[in-house]
Structures are given as C-alpha cells and as structure tokens.
Amino acid sequence: MPADAPVSKRLQRSAGSIGGFVVVTLLTFIGLLAITFFIGRVVPIDPVLSVVGDRATQEQYDAAKIALGLDRPLVMQFFSYVGDVFQGDLGRSISTNRDVAADLTRVFPATLEMATLGIIIGVGLGVPLGVYAAARQGSWVDQIIRVFALLGYSVPAFWLGLVGLAVFYAGLGWVSGPGRVDIFYEGLVPARTGLMLVDAALAGDWDVFWNALDHLGLPAAILGFFSLAYIARMTRSFMLDQLGQEYVTTARVKGVPEWRVIWGHAFRPIRVPLITVIGLSYAALLEGSVMIETVFSWPGIGNYLTVALLNADMNAVLGATLVIGAVFILINKLSDVLYRVLDPRSR
Amino acid sequence: MTLLSVENLRVSFPTPSGPVEVVKGLSFDLGRERLGIVGESGSGKSMTGRAILRLIRSPGHQIADKMEFDGIDLQNRSERQMRQLRGARISMVMQDPKFSLNPVMTIGAQIAEALRVHEKLPRRAVRARVLEMLEAVRINDPERVMKLYPHEVSGGMGQRVMIAMMLIPQPDLLIADEPTSALDVSVQAQVLDLIDELVREKGMGLILISHDLNLVARYCDRIMVMNAGRVVETCAADDLHKAQHPYTQGLLAAVPRMEETRDELPVLDRSQWSGT
C-alpha cells in the first residue's frame, strides 16, 4: 500500500470498504433470517396448537391459524416476517405473553453483562498465562498452567457453579448468592441499559453497584475460567510457533531484552489469530451458558431460550436465535476490521 | 591484533540416544580480517556463528575452554551483559530476509530498534541515523522504504535492510550466516560487495559462513573448512587451490566450471578422512 496516496483517494477507498462492509453484513443477516425462519417452520411443532391448546375445536384452530397468518404461502410468510423483524417486531411470546423484543431487551443485557466480565477475566488472565507458559516451555510453571487449562476443558460448568456457590457463598460468605441483586435492591435504579452495573453507576447508586458486582463476580469468574482455559491454550501454541521463527533470533541478535523479544516481537503477529479465538469464545459466552444461568438463577438469554424451547414457544426461540446469530455476525465483522488494523499483510 | 579467540568450542544437543555434538572442539583466532567458514549442511558452521553470540537455545548446550572477544570473556558474562554486546559489538546477518525480518513491524521501526536498544538518542537523531544507514546500503528513497513492511520489498532489498539493521550500532565483528543463499544469483554479488565494502570501510572483522567455496575465496582473506563439527583445514584464500586435505579437495573437485562439460559430478569418498 503506498503511504503517500492522496488523502481524497484514501478516503474514497475507506468509504468504499465501509459501504461494502454494510452490504455484506446486511446480506449475512438476511441469510440468517431465512435459515432461522425455515428451520422454525420445518420443526414438527405446530405453532397454532401451542397457542390454542389441544382441546380447541377445529373452528377455533382455523381462526387462530388465519389470525397468525399461517394460512398464507411460506414465501409470503417469510417476507412479512423479514418486514416485521426490520421494524423490531419479533411477535409475541406465548409463554411470557409479552412481545419477544421486549423480553429480549430484558434478558440479553443480563447475559451481555456476565459474558463481558467473563471474557475480560478470560483474556486478562488467559493471554498472559499462555504467553508466559510458552516463554518458559517445559518448566513447572508451564506444567501448572497446562493442567489448569486442562481443568477448564474437562470440568462441567454446573458442577463448578454449584461448588463455587457452596464454597464462596454458603461456606465462606465472600460473595452474594444467585440472582442479579439482593431482593431489596431490585428495581431501585431505572433500567436504562439493562446492564445492572452501568445502570447503577449512571444513577449514582453505589450500594446497588457493589451489590450487583457481588452477585456477578462468581458466575462471571466461572465463565472467565472456561474461556481462560481455551484462550491460554491457544495463546501458548501460537506463541510457541512464533518463538521458533527466525525473526525472533534476529531480535535477540540485536540485543533486544527478552521481555521485549516476547511482547514486542513474537506477540505482535499472534494478535490476529488471537482475535479469532477471543471473538469466538466471547460469542460462545453471549449465547448464554444455560448451566451457569440456571445454577445462579440468572435471567439471561440462555435460560430464556431453554424455557421457550421446552414450551414450543417458536416466536421466542426464533427471536433469541436471531439475537445470538446477529451477535456472531457482529463479532466476526469486528474481527475482520481488527485484522486489517493489526496485520499489514492483509491490507 | 586478536579480536576473537575461540578454543575448543563444543555445541551439543540432547537426543533420546544421548547428546549429539554438532561442533566438536573448534579453535580459531580472528583479527580484523575476513574469515570464511565453509562446509556442507550440518557441518556445524551456523551453530559456530550462534555460539559466538551465545545464542544456542535450550536444550542445546555450548561449552569452550576459552571464548574471548576483544579482551572480554564471553563465557562468564551474564545474559544481561551479553545483550549489551549483541548488536552493539558483535552482530549477525541472517540467512533469509523473508523469515528473519518481523512481518508486522515497519522496516524503519526494526532498524531503529537495533540502534535504540544500545544508545539513548532523541527520536529525530534516530531517524536521521536510520535514513543515513539505508542510504549506505544503497536503498533509493529511504523515506518511503522506512514505512514499508518486509513483505513489500524484494529479497535483495530485504537483505540490504538486514545489513543496515545489523550495522547501525557500528559493531566490531559481523557474522554473516549464508547471507546470500536465499537470494537470486543476480543480486548475490551486489549484497556481498556491499557487506565487503562496509566491513572494509569500518575496519571490522567478518566471519562469512557459506557452503559456496568460490564465493568465500573471493570475499575472504582466510578460509576454514569444516566437516562434521571439526575444522579439517585452514588456509589463505589465495591458496585454496593448493588445499591438502582430501575433503577440501573433494569439495573443490565438485565445483562445476563454466568451460567444461561433465556428465557426473564426483562424489566425496568419505572413507579417506573419517574412520567409518
């Protein structure tokens, strides 16, 4: 890329790439809509039956079918569904009897808050541990980190959640128990973002803030541990690969201190694959961990989706799937943008 | 005057069937002259270069009776003291610029780093030195090249960048480890001429490691022929054709010449010098 290209040309090019980016994202999203919609119609669940119940008469059944618009051809149904989605209408949930969109704006932030804190813990600890293990390959520190990471792969989430609660809540009393805040703090701060910590901070209510953090800490740490295990393992293997490269020897020949050889030279190229790894584990956390949300009575999207599935509540299932899919698309696109920033070869 | 003195250098690597020595008791003295080390692949010549910088990585192991550079005992230096020597006093040009330059750092930043780890200089002075150095290695438009990444330059240019990076802190000894074997024949001579010129200009010592006898004979004063971790013969470059040792003679006989046609190149008869 010539660095001295005229500014207007560079602007033009970046405007072009932003335009292409929007179009591609939109197309991917419509593809996602199509897939979720058709899967939703193919599954052997009769949406009419789940509304009217199995004791309804044939007339009631037909009336409900027309009211739901299910008598129209599938393609027409799809187009009106896409139209509705773009207007923010995801239909009504039959299990909560509220708009799915409203439900999702309530449950998704709960998951988002937990997943975000979890991934911060996972990246904040996982990356340095992985780098350190690679730099000291074969040492006892490396062995401990590897065993620790292996635990993160093999321990079931619900077990760790229960043991965590038993030890740190029931036993030691270091953290608060299940739920997002203690019951007498509930509804004290207006839900502006749905993120309890942000809402409390915005309202300036620090009691609620610390209480919410107290509740969030343990489940987020457990989620963080699982992503840490994955991130540390991947970081370690990426780093080992880079540390064997010739340019690392070049840096040592120049007399560069070892910590800078590791962080300034070998770590730089692995940021690109690491972004993929981190993006994927963040997206996995945002799907909502049903186990952790159940153990901690966390009103998140994983819980919501499970309940909806068990109740054959197709609107809620489709809505939640859509949100999760959109999150995946967004994170993938974001990774693409970061690649270009971090790797000059991909520009 | 002796710049580097090595006595009984041994480099070994552990294997499941016991340690394997790749350098077996190497001794030589080097002044401010140009020494060529020749040998086939696996003869231990590259490991010798790295051992001088004490860059044999674990699990490899190096040991010597004496390794002295300009009156400094290299063996007793701490890792930190070694770092002060690396780059600043002893430097090494690596083989293939495609792999030996950091792919995600600009050329300017990589050259500047080599200077900055050894000298505290204001940003502007560093930049001026980098530009000056790039010009010294005959790079046109150094302002532009500074901002490029390694994948954006050719192999020959990459190697000139490498040379600039290794010479910018003005070392006394340059080890060139097969500096041209990854390059096209047409640019090999350019790069070697450049190394030769800069080394002479600054009165540095040079160790040129190569498997190419003719090349080493042309650019060096003295030649050391290595085989299986040992020196088999040392001679002045001009006397290479008078070499005594059967291994050297065998290598010389295997060099193809322009004016002749041979159906078959001779094969080394190893039984002549090794016991097996």
Side-chain angles (χ1 to χ4, degrees), chain A residues 1-7 10 131-143 238-276 338-347, chain B residues 46 49-50 52-59 79-106 109-118 141 143-152 162 165-166 168-169 171 174-175 177 182:
Chain A
M1 185 196 77
D4 47 46
V7 177
R10 263 195 286 171
V131 169
Y132 193 79
R136 300 256 185 285
Q137 189 198 2
S139 69
W140 60 271
V141 188
D142 181 29
Q143 305 294 350
F238 293 150
M239 265 318 262
L240 282 179
D241 185 36
Q242 292 301 318
L243 286 171
Q245 302 279 328
E246 277 290 278
Y247 72 85
V248 171
T249 309
T250 306
R252 291 193 179 117
V253 169
K254 289 199 282 187
V256 174
E258 195 59 23
W259 64 268
R260 233 169 81 188
V261 169
I262 288 165
W263 290 102
H265 283 270
F267 184 69
R268 279 188 192 214
I270 78 160
R271 289 178 306 180
V272 172
L274 261 189
I275 281 167
T276 313
L338 283 174
Y339 284 179
R340 278 178 217 185
V341 174
L342 294 180
D343 192 348
R345 285 166 297 186
S346 67
R347 273 172 219 158
Chain B
S46 285
R50 292 189 184 203
I52 293 168
L53 282 160
R54 286 229 337 245
L55 276 176
I56 304 291
R57 300 294 297 172
S58 172
E79 184 54 25
R80 188 197 185 88
Q81 289 171 317
M82 268 319 285
R83 274 206 299 273
Q84 290 167 354
L85 280 185
R86 286 184 201 132
R89 310 239 17 223
I90 311 174
S91 203
M92 180 159 80
V93 171
M94 315 267 290
Q95 191 168 348
D96 191 342
K98 243 195 230 91
F99 302 109
S100 54
L101 295 173
N102 190 323
V104 298
M105 257 170 111
T106 61
Q110 294 190 54
I111 300 177
E113 186 187 35
L115 181 60
R116 244 188 267 141
V117 288
H118 298 295
D141 200 357
E143 294 261 0
R144 186 180 68 89
V145 174
M146 265 182 86
K147 292 180 204 136
L148 296 179
Y149 288 92
H151 71 280
E152 295 169 313
M162 184 67 170
M165 184 160 75
M166 289 310 173
I168 199 168
L174 181 71
I175 302 165
D177 185 2

* Does the side chain of B:K98 come within less than 4.5 Å of B:H151's, by heavy atoms? -> no
* salt bridge (Lys or Arg N to Asp or Glu O under 4.0 Å) with A:R340: which residues, sequence neighbours excluded? -> none
* Asked: Measuring heavy-atom distances to chain A, does B:M94 have an atom under 4.5 Å in its side chain, in its backbone, in both, or in neither?
  -> side chain
* Structure fact -> Rounded to the nearest 0.5 Å, the CD1 atom of B:I175 sits from the CD1 atom of B:I52 at a distance of 4.5 Å
* Select one option (side chain, backbone, both, neither) describing which atoms of B:L101 are under 4.5 Å from chain A's heavy atoms. => backbone
* Interatomic spacing from CD1 in B:I56 to CZ in B:R50 - rounded to 0.5 Å -> 7.5 Å
* Side chain of A:T250, backbone of B:S100: donor and acceptor closer than 3.5 Å? -> yes
* Answer with side chain, backbone, both or neither: which region of A:E258 has an atom nearer than 4.5 Å to a non-hydrogen atom of chain B? => both
* Asked: Stepwise, does the side chain to side chain contact (heavy atoms under 4.5 Å, CB included) test hold for B:V117 with B:R83?
  -> CA-CA 9 Å; B:V117 288; B:R83 274 206 299 273; over 6 Å; no
* **Non-hydrogen atoms of B:P150 and B:Q110 that approach each other most closely** => CG-NE2, 3.6 Å
* **Interchain contact, B:M162 with chain A, by part (heavy-atom threshold 4.5 Å)** => side chain
* So what's closer than 4.5 Å to chain A heavy atoms on B:R57: side chain, backbone, both or neither? -> side chain
* Asked: Atom CG in B:L85, atom CG in B:L53: separation rounded to 0.5 Å?
  -> 9.0 Å
* To do: Go through the atoms of B:V104 and report whether side chain, backbone, both or neither lie under 4.5 Å from a heavy atom of chain A.
  => both
* Show the numbers, then the answer: is there a salt bridge (charged side-chain N to carboxylate O under 4.0 Å, His left out) between B:R86 and B:E79? => CA-CA 10 Å; B:R86 286 184 201 132; B:E79 184 54 25; 3.0 Å; yes
* To do: Tell me, out of B:M165, B:R80, B:Q84, who's got the most heavy-atom pairs with chain A below 4.5 Å.
  => B:M165
* Per-residue contacts, residues 264-274 of chain A versus chain B, heavy atoms under 4.5 Å -> A:G264, A:H265, A:R268, A:P269
* Structure fact -> Between A:A251 and A:V261 the two heavy atoms that sit nearest each other are CB-CG2, 4.2 Å
* B:Y149 versus chain A, heavy atoms under 4.5 Å apart: side chain, backbone, both or neither? -> side chain
* Asked: By a 4.5 Å heavy-atom criterion (distance strictly below it), what part of B:R116 contacts chain A: side chain, backbone, both, or neither?
  -> neither
